[in-house]
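What follows is a set of notes on a single structure, which appears directly below.
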Amino acid sequence: MRNTVPSPFEAELLDLLRVAGGPVKRADLAMLLGKTERSIRSTVARLIRKGIPVISLGGGFQVDYDPAHRAAAARSLRAAAFSLLKRAANLAGTTAHVQAKQMTLELRAA
């Protein structure tokens, strides 16, 4: 079973996001917490893997339990993923066929 309890640093980051009450940019979090932006990004990724709803809709990170906001963030991530997959296929000289409902990728020779 994976550990879902936030580490002390993860808890500190979560507290800061909750107190802010809105989006906080990665650079601001790094400055306030004395960490690198890369460290902030990896910490947020760990929190998400632990099931904590940290989302970003372009204005920074925030903890958000609103289903509509979480759905919007999920749509944005899916769109970005599809775009990246298509770019990768183009670079590889293949075409990408993405089925959104099944989240599968099929590469076909161009």
Side-chain angles (χ1 to χ4, degrees):
M1 181 176 206
R2 75 177 176 204
N3 180 10
T4 58
V5 176
S7 71
F9 176 66
E10 292 169 346
E12 185 179 8
L13 175 61
L14 282 171
D15 287 344
L16 198 136
L17 290 174
R18 287 183 181 121
V19 167
V24 182
K25 295 193 179 298
R26 184 175 50 220
D28 294 336
L29 289 168
M31 182 190 67
L32 289 167
L33 296 169
K35 301 286 184 178
T36 64
E37 289 187 39
R38 185 176 191 170
S39 172
I40 298 298
R41 186 175 59 242
S42 65
T43 302
V44 166
R46 273 194 315 278
L47 290 168
I48 292 167
R49 284 192 301 273
K50 290 180 177 186
I52 298 166
V54 179
I55 66 169
S56 174
L57 292 172
F61 295 114
Q62 66 187 63
V63 177
D64 199 324
Y65 292 93
D66 182 323
H69 293 163
R70 292 174 68 183
R75 280 191 304 276
S76 176
L77 286 171
R78 273 194 296 279
F82 292 149
S83 176
L84 285 174
L85 291 170
K86 288 177 185 177
R87 288 173 53 197
N90 287 337
L91 288 173
T94 60
T95 59
H97 174 70
V98 180
Q99 294 177 327
K101 289 185 180 181
Q102 295 179 356
M103 294 294 288
T104 60
L105 172 68
E106 184 181 319
L107 297 176
R108 298 182 183 153

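- For the atom pair OG (S7) and CG (L47), the distance works out to 7.5 Å, reported to the nearest 0.5 Å.
- Counted within 6.0 Å of CZ on R38, heavy atoms from surrounding residues, nucleotides or ligands total 12 or fewer; the atom is thus considered open.
- Atoms CD1 and CZ, from I52 and R46 in turn, are 11.0 Å apart once rounded to the nearest 0.5 Å.
- Summarising the geometry, atom CD belonging to E12 is positioned 8.0 Å from atom CG belonging to D15; distances are rounded to the nearest 0.5 Å.
- Between the T43 side chain and the S39 main chain, a donor and an acceptor come within less than 3.5 Å of each other.
- When the side chains of ILVMFWY residues are joined at heavy-atom separations under 4.5 Å, either directly or via intervening members, L77 and L84 end up in two distinct hydrophobic clusters.
- Summarising the geometry of A30 relative to E37, their closest heavy-atom pair is CB-N, 3.8 Å, with the distance given to 0.1 Å.
- Contact detail for E10 and V5: the closest heavy-atom pair is OE1-O, 4.1 Å.
- Listed here is the closest heavy atom pair of L17 and F61: CD2-O, 3.4 Å.
- Taken to the nearest 0.5 Å, the OG atom of S56 stands 12.0 Å off from the CZ atom of R41.
- For L32, the side-chain contact (heavy atoms from CB on, under 4.5 Å) partners at least two apart in sequence or on another chain are L16.
- Side-chain contact between Y65 and I55: absent, with no pair of heavy atoms (C-beta onward) separated by less than 4.5 Å.
- Note that CG of D28 is 10.5 Å distant from CG of L33, once rounded to the nearest 0.5 Å.
- Smallest separation of non-hydrogen atoms from G59 and P23: O-CB, 3.3 Å.
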